[in-house]
Amino acid sequence: MQRRHFSLVSVLTVVAGLHVPQAAFAQEVTIGMSFPSATHGWMGAVIKNAQDQAKASGVRHVMTTASDPNKQTNDIEDLIAKNVGAVVMLPIETDAMTRAAAKLKAAKIPLIIVDREVKTDDYAALIKGDNVGIGTNAAAYIGQALGGSGSVVEIIGVPASVTTQRSQGFRDAVAKSYPGLKVIASQAGDFQREKSLNVMQNLLQQHPKIDAVYTHDDEMALGVLQAIREARRTDIKVVTGAGGSKAVYKLIADKDPLMKATFIYSPLMVKDAVKVAVDVARGKAPASKVITIPASGVTADNVAALYDTKANY
């Protein structure tokens, strides 16, 4: 990533529209991190990757994790009190954490958002995956796999921008290119394997014929697969995921009869977010305010080049 260097005068005034605290120019930089609790593998990898990158960048970091928006808001307030040089935040929920972004702006602490968005542009940078693209590409894969028609179940995530965008991308693509596909149910698995297992068990009882399952996340896909296999259902032809789980990559590499495709949404994106946070805290503006990582498909054709058994996720 190319980055533009600022003069000392400009550094002391504005970085990406936000005043940088004087403390940021000290030799020692401290980055605050605010993430949801690691209730599934992708988030666990995000936390580990963030910590690894902070160490590699030679900066101190304060890591906080929360199970709900109230706790995450309190965490942000604690980071403000510690006068950190910048904050990397993955919002638990879009609406609730928009207010936290305003608190950071008022404190003149640059905010770098990763993954889920907030309803404001009060941040120095946003690093995200192509959530609309995940839905669009999943619709294309399922549409082609089913010959343009069939019944689809959708397993969605938590109330956040990623869920809205992945769902909308799928439905828009279906309406435009695959009108023969019918979404017969849409239920929340909250990005958790166990909940998705339970949700899918109920859906299997309610719907005697399902042709495909579009899940918003690889962890949820694994729960869905378990439910299908335990129910011994043979009508379902394809399950898709998102995220880049090595467990799902292995299934695809092994030519699993159901797990046919996933779409890249790598937890490695947080490393870019930490790098940007360090740059901003040291007075360097990001090359771009919004960085979007393409939602490339992973299938049996290309999984060998992407599957890393040593990956954090």
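The structure displayed is predicted, hence computed values, not measured ones. Below, each value reflects all heavy atoms present in this structure, side chains not excepted, and no hydrogens, waters or symmetry copies.
- Classification of D78 and K82 as a salt-bridged pair fails, no side-chain N sitting under 4.0 Å from a carboxylate O.
- Salt bridge annotation for K176-D172: absent, with no cationic side-chain nitrogen under 4.0 angstrom from a carboxylate oxygen.
- Interatomic distance, CE of M200 versus CD of E230, reported as 12.0 Å (0.5 Å rounding).
- Looking only at atom types and distance, the side chain of T164 has no donor-acceptor partner in the side chain of Q168 under 3.5 Å away.
- By the 6.0 Å and 45° rule, K289 stacks over the aromatic ring of Y123.
- Residue R229 qualifies as enclosed at atom CZ: its count of foreign heavy atoms under 6.0 Å is above 12.
- Ionic pairing of D279 and K275 is not present here: no N-O contact between side-chain nitrogen and carboxylate oxygen is shorter than 4.0 angstrom.
- Summarising the geometry of V88 relative to A277, their closest heavy-atom pair is CG2-CB, 3.5 Å, with the distance given to 0.1 Å.
- A cation-pi arrangement, defined by a distance under 6.0 Å to the six-membered ring centre and an angle within 45 degrees of its axis, is present between R166 and Y265.
- Of the N and O atoms on the side chains of E154 and S167, at least one donor lies less than 3.5 Å from an acceptor on the other residue.
- In this structure, D272 CG and I127 CD1 are separated by 6.5 Å, a value rounded to the nearest 0.5 Å.
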Salt bridge (charged side-chain N to carboxylate O under 4.0 Å, His left out) between D308 and K246, intermediate numbers included: CA-CA 7 Å; D308 179 5; K246 61 185 178 184; over 6 Å; no
